[in-house]
Amino acid sequence: MQFDVTHGRILREHFGITSKEGQIVIALAGNPNVGKSTVFNALTGLRQHTGNWPGKTVDHAQGTFSYRDKSFLLVDLPGTYSILAHTVEEEIARDFICFGKPDVTVVVLDATSLERNLNLALQVMEITSQVIVCVNLIDEAQKKKISVDFTGLEQELGVPVVATAARQGKGINDLREKVCQVVQGLSQNRPRQVRYSQEIEATLENLLPKIEGLGLGKFLNPRWVALRFLDGDQKLIQNIARHLELQSEKSMIREAKAAQ
Ligand SMILES: Nc1nc2c(ncn2[C@@H]2O[C@H](COP(=O)(O)OP(=O)(O)OP(=O)(O)O)[C@@H](O)[C@H]2O)c(=O)[nH]1
Ligand SMILES: [Mg+2]
């Protein structure tokens, strides 16, 4: 993402995150206890800052690292089983992925309970295509004689999959490489989209042109917004309105600059 005043402002005012010009923003999502903070520490070392999300009593950590002459800002999201915003943690994680506009979202999964963990990955993949799946705890899986078909998983999901044992630092460099590939557009991400019942899909088909007409598609996936409208997700509708205001302010800044 290109750094601009408004993006920096959204990160700072809405998420308490201070970014520098040119920094690539990575969000780390995952179920509780899958090793997100361990992956975070392995990537950033001690270059991190902790606190709370603005106005919330939920832990917040941001850290930086450099790789291949690029500067990265890593944001550790709260551990959640879903991002349907039923809890404050889920709302924080979802809003950051939607409105904080990270360049990449890394979803950390527990290799010993992939099926349950994949639910969150599929939800994130409905919002953005800029996703990397990090299958962590592969050492634990090996101990339990669980083998994971990483190539098959990558093909099925349509996004890069990296195997890590973060506590031992295994696979962390591979993760850095994949992040670089995704931000440089070198990865052909085609995230698999969940198909719902015929009834829901038919309603979505009717709703989609209306949502596309709102012009939200520029910064949110219309299919995902349509699904949330079907859920009657009032909070998201409020948040979209709030962020749309900032977006229109952003185009005003652009127009003012162009007129100079
Ligand atoms: N064996 C093994 N243990 C790991 C690995 N990664 C993390 N752990 C351990 O798993 C536990 C949980 O790790 P955290 O990094 O705190 O997990 P988290 O996802 O940040 O947890 P929450 O923030 O509470 O959701 C810790 O005891 C870690 O040392 C790994 O790859 N292998
Ligand atoms: Mg953690």
Side-chain angles (χ1 to χ4, degrees), residues 15-17 25-65 67 72-97 100 102 104-125 127 131-150 153-154 157 159-179:
F15 302 105
I17 286 162
V25 180
I26 308 173
L28 261 189
N31 288 184
N33 215 32
V34 294
K36 289 179 302 303
S37 299
T38 311
V39 170
F40 181 94
N41 291 338
L43 285 169
T44 61
L46 293 173
R47 287 173 302 279
Q48 55 184 275
H49 177 265
T50 53
N52 277 355
W53 290 91
K56 313 267 177 10
T57 54
V58 177
D59 289 349
H60 167 289
Q62 69 177 79
T64 56
F65 69 93
Y67 187 68
F72 296 86
L73 175 69
L74 190 60
V75 180
D76 197 10
L77 298 178
T80 57
Y81 292 104
S82 134
I83 42 167
L84 295 176
H86 296 312
T87 63
V88 65
E89 286 83 1
E90 288 183 16
E91 195 188 342
I92 290 170
R94 183 184 77 182
D95 278 1
F96 190 76
I97 295 167
V104 189
T105 300
V106 174
V107 187
V108 184
L109 311 185
D110 176 349
T112 68
S113 46
L114 267 189
E115 201 176 330
R116 187 187 65 189
N117 279 233
L118 275 168
N119 186 31
L120 179 73
L122 290 169
Q123 286 184 16
V124 175
M125 283 157 49
I127 302 179
V131 177
I132 294 174
V133 165
C134 167
V135 180
N136 191 38
L137 291 146
I138 50 164
D139 53 326
E140 288 297 320
Q142 269 159 9
K143 272 188 217 156
K144 292 183 179 166
K145 308 254 183 289
I146 297 169
S147 72
V148 178
D149 174 5
F150 290 100
L153 192 60
E154 197 164 80
L157 293 178
V159 300
V161 174
V162 185
T164 59
R167 201 158 69 180
Q168 293 90 335
K170 270 192 197 155
I172 296 297
N173 233 33
D174 199 13
L175 180 57
R176 289 194 181 103
E177 280 295 324
K178 288 269 161 56
V179 167

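Everything numeric in this text was worked out from a predicted model, so none of it was measured. Whatever order the structure lists ligands and atoms in, that order sets their numbers, starting from 1. Here, residue 1 is the first one in the sequence, and each next residue gets the next number.
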Report the nearest protein non-hydrogen atom to [atom]: residue, atom name, distance rounded to 0.1 Å.
atom	value
atom 6 (N) of ligand 1	Asn136 ND2, 3.1 Å
atom 7 (C) of ligand 1	Thr38 OG1, 3.3 Å
atom 19 (O) of ligand 1	Lys36 NZ, 2.8 Å
atom 16 (O) of ligand 1	Ser37 CB, 4.2 Å

Side chain to side chain contact (heavy atoms under 4.5 Å, CB included) partners of [X], counting only residues at least two apart:
X	answer
Thr112	Asp110, Glu140, Ala141, Lys144, Ile146
Ala166	Thr38, Val39, Asn136, Ile172
Asn173	Tyr67, Arg176

Q: Decide whether the shortest distance between a heavy atom of Gly30 and an atom of ligand 1 is less than 4.0 Å.
A: no
Q.
Regarding atom 29 (O) of ligand 1: of the candidates Glu89, Glu140, Gln142, Arg167, which has the closest heavy atom?
A. Arg167
Q: Select the closest option to atom 22 (P) of ligand 1 among Asn33, Thr112, Leu137, judged by heavy-atom distance.
A: Asn33
For the student: nearest non-hydrogen atoms of [X] and [Y], plus distance:
X	Y	answer
Glu89	Val58	OE2-CG2, 4.0 Å
Ser82	Glu90	O-CG, 3.0 Å
Gly16	Gln62	O-OE1, 3.5 Å

Rounded to the nearest 0.5 Å, how far does [atom2] of [Y] lie from [atom1] of [X]?
X	Y	atom1	atom2	result
Lys143	Ile138	NZ	CD1	12.0 Å
Leu153	Leu118	CG	CG	6.0 Å
Asn41	Lys36	CG	NZ	12.0 Å
Asn119	Leu84	CG	CG	8.0 Å
Ile92	His60	CD1	NE2	9.0 Å
Phe96	Glu91	CZ	CD	14.5 Å

Short N or O distance, [X] and ligand 1, threshold 3.5 Å exclusive:
X	value
Gly35	yes
Ala166	yes
Val34	yes

Q.
Distances under 2.8 Å only: what protein N/O/S atoms are near the Mg ion (ligand 2), ordered by chain and residue?
A. Ser37 OG
Q. Which is it for Asp139 and ligand 1 at heavy atoms under 4.0 Å: side chain, backbone, both or neither?
A. side chain
Q: Would you mind running through ligand 1 and noting each atom that sits below 4.0 Å from a heavy atom of Pro32?
A: 25 (O)
Q: Give the numbers and elements of all ligand 1 atoms closer than 4.0 Å to a heavy atom of Ala165.
A: 31 (O)
Q.
Less than 4.0 Å from atom 10 (O) of ligand 1, is there any heavy atom belonging to the protein?
A. no
Q: Just say parallel, tilted or perpendicular for the rings of Phe65 and Phe72, cut-offs at 30° and 60°.
A: parallel
